[in-house]
S.K.: 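Got a structure for you, written out below as structure tokens; questions coming shortly.
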Amino acid sequence: MTETQHHEVVVIGAGVSGIYQIKRLIDLGIDAMLFEADEDLGGTWYRNRYPGARFDSESYTYGYSFSQEVLDEWHWKERFSPQPENLRYLNFVADKFHLRRHMRFNARVDAMVWDEIARLWHLTLQSGETVTARFVISCIGVLSIPTLPRYEGIDDFEGDAFHTYWWPKEPVPLAGRRVGVVGTGATGIQVIAEIADKVGELTVFQRRPNWSTPLNNAPISEAEMAAIRARYDEIFANCAESPGGFEHVPDRRGFWSLTPEERVAFWDELYERPGFAILQSNFVEIFADEAANREFSEYIAGRIRERVKDPEVAEKLIPKDHGFGTQRLPLETNYFEAYNRDNVHLVDVTETPIERITRTGIQTTDAHYELDLIVFATGFNAITGAFDHMEIRGTGGRVLGEKWRDGPSTWLGVLTHGFPNLLMVAGPQSVSGSTNFPRAIEGGVNWVTGLLEHALEHGYTRIEADKQAEQEWVEEVIRAHERILLRRSQGWFTGYNSNVEGHEAGKVRYQAYFGTAPKYAAKLEAEATAGYPQVDFR
Ligand code: NAP
């Protein structure tokens, strides 16, 4: 038996949030240690190595804003930077501030049990090692638990098969191979477009199509990067003011005050703009007014029909069950054109469902597809999945997964009653899942750090959200959700994932706050300024 280590603060997870969180704690001279399950840092950008993985936030709005040195030194080479570069960036930041010495890798936290008498968390690592901490800060990500379909025979397949999250580090041969991709979310769309011209045959197994629009990526030259650097203060200020945490700002001229021709002219221009402009710089009505949403969805359907040569295939790629922007929008580069290639085939598994995976491929109700490689781009147990993955026991031995069985309940996405001294960065019901992630988590880390400093300065050893305040926040989360058309869609924003029991269609889990990033930031700031009246300090 090894001795139980103790730290004032334990941070879990060395992704985008954990890296910044541990830096803030170390800078304050707090005794803190970070535990990471993987063998190295990077989180999302360490894991998702599949071909085509890249930002869909403008790179210079995705990077950290906290260090002038980092801003001055780092050159983003593309408007939407690819995974290898993003991982290099996170390593560059961690190494610059010597953060690795405060991180332990291959250190998965399996369980956390709250000790009310000692006011400590007792953590058990997968290795069996035990650690105590006064405070635990979870930086465990919103999309870190990949989910595989529950198909019969999934282990029988004798070729290569993996979830995109587990795409191997070693190069995966593609040339001449028969590849099947299951899933057409943001990940599937990136993979399909990237590998279509590199494989022998590509068969896409699509259940529900997604709306998708051009990423419009481009290189960033030295001169352009210099101009971006000169504008960083303005860029971050713009992001802080926009609903989604981007530089894109909504159009408030009024959908119905323009003629249909004027609207189309505007959309033609938006279609050429980079990233989420088409979503976030569009008319605000599109996301709340069904008629406006229908008209715009029809415009995008027209774009798909223009780009896909076979009209039958085009129709299959156009969503009929939800309007544009009511699920998380995937962005694409030549995705629709991939279906014009002779070696790319679309199988609609709503029409001909997958029956089972066989030793040599995929059997649908209609045919058997012989494959050498199956790529499962089948999504994540989003937002609460990483919490369910640990056994977290709070006051009275209550398990967090039980409290959140029908959906999470938090105060501002930061604390949850009954689980004292557990502080969440990118927690459920914050804006981290619903807006530009790094912008949201920088605010989240700073706020959590402020709360912790307040407790330490006053000698408090126990922090817990007020139960009533938590209930009021959940109601606010539901109100914001109900105001937008997204309320009726099936996607991970609303907790839908057919591969996870209890997360099936028709049951909304209010997992993310849709009341805009500035509104959320203002609420956090007001709480801190008022001295955290809704937190019970002891
Ligand atoms: P996702 O959006 O949840 O998509 C999963 C896909 O797999 C859906 O098309 C789903 O179909 C399909 N699927 C799941 N289970 C299936 C089954 N049993 N049989 C057939 N099809 C099945 O997951 P994702 O594409 O990994 O994206 C998740 C999120 O990650 C994105 O929304 C985004 O926030 C983030 N992401 C970001 C980027 C980026 O550019 N930065 C790139 C990729 C991902 P149904 O819709 O019918 O369930």
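Note that ligands are numbered from 1 as they come in the structure, with each ligand's atoms numbered from 1 the same way. The first residue in the sequence is number 1, and the count goes up from there.
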S.K.: For residues 166-173, which side-chain donor-acceptor pairs fall under 3.5 Å, sequence neighbours excluded?
M.R.:
from, atom 1, to, atom 2, distance (Å)
K169, NZ, E39, OE2, 3.3
K169, NZ, Y46, OH, 2.7

S.K.: If you measure only the distance, is there a donor-acceptor pair under 3.5 Å linking the side chains of S242 and E247?
M.R.: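 On atom types as modelled, these side chains do not qualify, holding no pair under 3.5 Å.
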S.K.: Would A377 count as being in polar contact with ligand 1, using the rule that some N or O on each side must be under 3.5 angstrom apart?
M.R.: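 Checking ligand 1 against A377, an N or O pair does fall under 3.5 Å apart.
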S.K.: Using a 4.0 Å cutoff against the non-hydrogen atoms of F380, which atoms of ligand 1 qualify?
M.R.: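 In order of numbering, the contacting atoms are 26 (O).
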S.K.: Below 4.0 angstrom from a heavy atom of R54, which ligand 1 atoms are there? Numbered from 1 as shown, please.
M.R.: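 In order of numbering, the contacting atoms are 39 (C), 40 (O), 41 (N).
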S.K.: One thing to verify: whether K198 and E194 come together as a salt bridge, which I'm taking to mean a side-chain N less than 4.0 angstrom from a carboxylate O.
M.R.: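 Counted as a salt bridge, because a side-chain N and a carboxylate O are separated by less than 4.0 Å.
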S.K.: Looking at R207 and D348, is there a salt bridge between them, counting it only when a charged N and a carboxylate O are closer than 4.0 Å?
M.R.: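 Looking at D348 and R207, the cut-off is not met.
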S.K.: To which of Q83, E332, R207, Q190 does the heavy atom nearest atom 16 (C) of ligand 1 belong?
M.R.: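 Comparing heavy atoms across Q83, E332, R207, Q190, the nearest one to atom 16 (C) of ligand 1 lies in R207.
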S.K.: Tell me: protein heavy atom nearest atom 29 (C) of ligand 1, and distance?
M.R.: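 Its nearest protein heavy-atom neighbour is W492 NE1, 3.4 Å.
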S.K.: Among protein heavy atoms, which sits nearest to atom 35 (C) of ligand 1, and what does the distance come to when rounded to 0.1 Å?
M.R.: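 The closest heavy atom on the protein side is L143 CD1, 3.6 Å.
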S.K.: Compare Q327, R328, H322 and give the one whose heavy atom is closest to atom 37 (C) of ligand 1.
M.R.: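 Result: the heavy atom closest to atom 37 (C) of ligand 1 is in R328.
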S.K.: Closest non-hydrogen protein atom to atom 15 (N) of ligand 1, residue and atom name please, with distance?
M.R.: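 Atom 15 (N) of ligand 1 sits closest to the protein heavy atom N499 ND2, 2.9 Å.
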S.K.: With a 6.0 Å cut-off on the ring centroids, do F55 and W76 count as close?
M.R.: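 Yes: the rings meet the under 6.0 Å criterion.
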S.K.: For ligand 1, which atoms, with element, lie under 4.0 Å from some heavy atom of P149?
M.R.: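 Contacts of ligand 1 toward P149, numbered from 1: 18 (N).
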S.K.: Output the list of atoms in ligand 1 that are nearer than 4.0 Å to some heavy atom of G183, sorted by atom number.
M.R.: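 So the answer, numbered in order with elements, is 6 (C), 7 (O), 9 (O), 12 (C).
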S.K.: Does this structure show an ion pair linking R54 with E78, if we count only N-O contacts that are shorter than 4.0 Å?
M.R.: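 So R54 pairs with E78 through a salt bridge.
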S.K.: To the nearest 0.1 Å, how far is atom 9 (O) of ligand 1 from its closest protein heavy atom, and which atom is that?
M.R.: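 Its nearest protein heavy-atom neighbour is T184 N, 2.9 Å.
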S.K.: Answer yes or no: is there an ion pair linking E504 with K507, defined by an N-O contact shorter than 4.0 Å?
M.R.: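 Between K507 and E504 there is no salt bridge, as every charged N stays at least 4.0 Å from the carboxylate O atoms.
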S.K.: What is the nearest protein non-hydrogen atom to atom 1 (P) of ligand 1, stated with its residue, atom name and distance?
M.R.: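 Going by distance alone, atom 1 (P) of ligand 1 is nearest to G379 CA, 4.1 Å.
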S.K.: Which residue owns the protein heavy atom closest to atom 44 (C) of ligand 1, what's the atom, and how far is it?
M.R.: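 In this structure, atom 44 (C) of ligand 1 has T187 OG1, 3.3 Å as its nearest protein heavy atom.
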S.K.: Are the charged groups of E298 and R294 less than 4.0 angstrom apart, N to O?
M.R.: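 R294 and E298: not salt-bridged.
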S.K.: I need the nearest protein heavy-atom contact for atom 38 (C) of ligand 1: residue, atom name and distance, please.
M.R.: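 In this structure, atom 38 (C) of ligand 1 has D56 OD2, 4.1 Å as its nearest protein heavy atom.
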S.K.: Just to be sure I read this right, does ligand 1 sit under 4.0 Å from the backbone of I354, its side chain, both, or neither, counting only heavy atoms?
M.R.: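 The answer is neither.
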S.K.: Is R488 salt-bridged to E290, cutoff N-O under 4.0 Å?
M.R.: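 Looking at R488 and E290, the cut-off is met.
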S.K.: Report the member of F437, Y151, Y50 with the shortest heavy-atom distance to atom 17 (C) of ligand 1.
M.R.: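 Residue with the shortest heavy-atom distance to the ligand atom: Y151.
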S.K.: Show me which atoms of ligand 1 lie under 4.0 Å from any heavy atom of V182.
M.R.: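 Listed by number with element: 20 (C), 21 (N).
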S.K.: On a heavy-atom basis, I'd like to know which of R150, E504, R208 is closest to atom 46 (O) of ligand 1.
M.R.: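 The nearest heavy atom belongs to R208.
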S.K.: At under 4.0 Å between heavy atoms, is it the side chain or the backbone of I189 that contacts ligand 1, or both, or neither?
M.R.: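 It is neither; nothing of I189 touches ligand 1.
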S.K.: Can any side-chain N or O of N282 pair as donor or acceptor with the backbone N or O of P250 at less than 3.5 Å?
M.R.: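 It does not hold such a pair.
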S.K.: Can you tell which part of P330 has a heavy atom less than 4.0 Å from ligand 1: side chain, backbone, both or neither?
M.R.: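 Neither; no heavy atom under 4.0 Å.
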S.K.: By number and element, which atoms of ligand 1 are closer than 4.0 Å to a non-hydrogen atom of Y496?
M.R.: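 Answer for ligand 1: 48 (O).
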S.K.: Flag the pair R509 and D406 as a salt bridge only when some basic side-chain nitrogen lies within less than 4.0 angstrom of an acidic carboxylate oxygen.
M.R.: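 So R509 does not pair with D406 through a salt bridge.
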S.K.: Which protein heavy atom lies closest to atom 2 (O) of ligand 1, and at what distance to 0.1 Å?
M.R.: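 That would be G185 CA, 3.8 Å.
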S.K.: Salt-bridge test for E58 and R79: reply yes if a basic N is under 4.0 Å from a carboxylate O, no otherwise.
M.R.: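 Answer for the salt bridge query: no.
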S.K.: Can the positive tip of R303 be found less than 6.0 Å from the middle of the six-membered ring of Y271, inside 45° of the ring normal?
M.R.: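 So R303 does make the cation-pi contact.
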S.K.: Taking only Lys NZ, Arg NE, NH1 and NH2, and the carboxylate oxygens of Asp or Glu, determine whether R479 and E482 approach each other closer than 4.0 Å.
M.R.: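 No salt bridge links R479 with E482.
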S.K.: Please report whether ligand 1 has a polar contact with N210, defined as an N or O pair separated by less than 3.5 Å (distance criterion only).
M.R.: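 By distance alone, the answer is no.
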